[in-house]
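Right, one structure below, let's go through it.
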There are 2 protein chains.
Amino acid sequence: MMIEPNQPLPRTNSGSDLKTVLNKEGFRLTSQRQKILELFRDIALDHHLSAEEIHHQLVAQGEKISISTIYRALHVMVRLGLLQELELAEDRKYYELSTPFTSHHHHLVCVQCGAVQEFEEVSISDVGVGETQTRGFVLLNSQFTIYGVCPLCQSRLRS
Amino acid sequence: MMIEPNQPLPRTNSGSDLKTVLNKEGFRLTSQRQKILELFRDIALDHHLSAEEIHHQLVAQGEKISISTIYRALHVMVRLGLLQELELAEDRKYYELSTPFTSHHHHLVCVQCGAVQEFEEVSISDVGVGETQTRGFVLLNSQFTIYGVCPLCQSRLRS
DNA sequence: TGATTTATTGAAAATCATTATCACTATCAG
DNA sequence: CTGATAGTGATAATGATTTTCAATAAATCA
Ligand SMILES: [Zn+2]
Ligand SMILES: [Zn+2]
Ligand SMILES: [Zn+2]
Ligand SMILES: [Zn+2]
């Protein structure tokens, strides 16, 4: 119901390992959380996943993990700055690994087929930093998302 | 379930009146749809309203209108380019009037208290236009949204 | 204008992503 | 190793949005 995190936290995914990062905030390292992060690291290319997709993937590769745990782990990881929450589709959240480059990377979504293309644009993030500074906000995250219709769907619609 | 609009439409809110705009696409002018647009024009020129809030407002001013009708009208108006759908909070959609300036206007949201500040930045919209053109997409809409913690909530959290 | 067609409405039920509950288990600090 | 407690899985609950359907009203045209 409330948007997390409850208090501002650094957005960096530092060199320390997962256990250290978790314990520092009173969270524990569990095999389930490890599996989720491994999935993101293995699937680095097609890397926008919903809770349901993460669950499917893990179950498919033989893991025993409940959907509740996925949701809880996602919240923790967003709070710790390990994952980024994205508003790509209108009915669910997507997540991706939070790298040092994430803040310069934005999304172009086809509303017909759901295809997502990414692009880098440093100037946009700079605007976000500037706006938050002049207004005294603590910056947590910013997203630039373009909604449109991809070439494939355009021809599909014309026929 | 599906993201609208189903087919690309011009985003301009031209000079023609509501009835003409609706009929052109096979929709009908109803008193409910008029009331909703009037609400945006009278009370909410600079506000962002959710379906529930629109319903509350209209009922409060004595209108008889159901929440289903609000949702249906919002979809139609977004499809016609009269309203803009915003992802400000994580659990519901917000809407605002779509003016010629809307595309240059972006949002800074406090995740603690929900306060929204707006700012203009033409360069961001230009990036959107450029990206869609080079990739052959038809541009429907783009949003730059910054999530952070406002000064008030910062002091509140410190205490 | 009046009849015809069919989009729209209101009320209620359904959907579906996400969250909460709770008994049990596993992690971590000492 | 042990106690305190965070985390898990199964399932129920929540809540925004969508759908259903019979009744109503807007657009079209004779
Ligand atoms: Zn497409
Ligand atoms: Zn991405
Ligand atoms: Zn605030
Ligand atoms: Zn706005």
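A note on names: the letters A, B, ... follow the listed sequences, proteins ahead of strands, and every chain is numbered from 1.
Checking A/Asp126 against A/Ser123 by side-chain atom types alone, no donor-acceptor pair falls below 3.5 Å.
Straight-line distance from the CZ atom of A/Arg72 to the C1' atom of C/dT21: 10 Å, rounded to whole Å. We find that CD of A/Glu25 is positioned 15 Å from P of C/dC28, with the value rounded to whole Å. In this structure, A/Glu52 places its CD atom 9 Å from P of C/dT18, rounding to the nearest Å. The distance from atom CG of A/Asp17 to atom P of C/dC28 is 11 Å, rounded to the nearest whole Å. Distance B/Arg92 CZ to D/dG15 P: 10 Å, rounded to the nearest Å. The NZ atom of A/Lys35 sits 11 Å away from the P atom of D/dG9 (whole-angstrom rounding). Between the CG atom of A/Leu18 and the P atom of D/dG7 there is a distance of 12 Å, given to the nearest Å. B/Glu85 has its CD atom 13 Å from the C1' atom of D/dA16, to the nearest Å.
Interatomic distance, CG of B/Leu88 versus CD of A/Glu87, reported as 9.5 Å (0.5 Å rounding). Annotation: the span from B/Ile36 atom CD1 to B/Arg72 atom CZ amounts to 10.5 Å, rounded to 0.5 Å.
Ring geometry for B/His106 versus B/Phe119: interplanar angle of 30 to 60°, hence tilted.
Backbone-only contact: A/Arg33 has heavy atoms under 4.0 Å from sugar-phosphate atoms and none from a base.
The side-chain heavy atoms of A/Leu18 and A/Leu37, taken from C-beta on, include a pair separated by under 4.5 Å. Within the 4.5 Å cutoff, the side chain of A/Glu118 has heavy atoms near those of the A/His48 side chain. By the 4.5 Å heavy-atom criterion applied to side chains, B/Pro151 and A/Phe137 are counted as neighbours.
The side chain of A/Tyr71 contributes an N or O atom lying less than 4.0 Å from OP1 or OP2 of C/dT18. The side chain of A/His75 contributes no N or O atom lying less than 4.0 Å from OP1 or OP2 of C/dT18. For A/Gln32 and C/dA26, the shortest distance from a side-chain N or O to OP1 or OP2 is not below 4.0 Å.
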Cut-off 3.5 Å, no hydrogens considered: what does the side-chain donor-acceptor table look like for residues 53-65 of chain B, sequence neighbours left out?
| from | atom 1 | to | atom 2 | distance (Å) |
| --- | --- | --- | --- | --- |
| B/Glu53 | OE1 | B/Ser50 | N | 3.0 |
| B/His55 | NE2 | B/Ile65 | O | 2.8 |
| B/Glu63 | OE1 | B/Lys35 | NZ | 3.4 |

Could you encode protein contacts along nucleotides 22-28 of chain D as a string, one character per nucleotide from 5' to 3', using B for base contact, S for sugar-phosphate-only contact and - for no contact, with a heavy-atom cut-off of under 4.0 Å?
---BBS-
Using side chain to side chain donor-acceptor pair (under 3.5 Å), reason through B/His75 and B/Glu85 one step at a time and then give a plain yes or no.
CA-CA 9 Å; B/His75 290 167; B/Glu85 189 176 81; 5.4 Å; no
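DNA chain D lies under 4.0 Å from at least one heavy atom of each of the following residues of residues 58-70 of chain A: A/Lys64, A/Ile65, A/Ser66, A/Ser68, A/Thr69.
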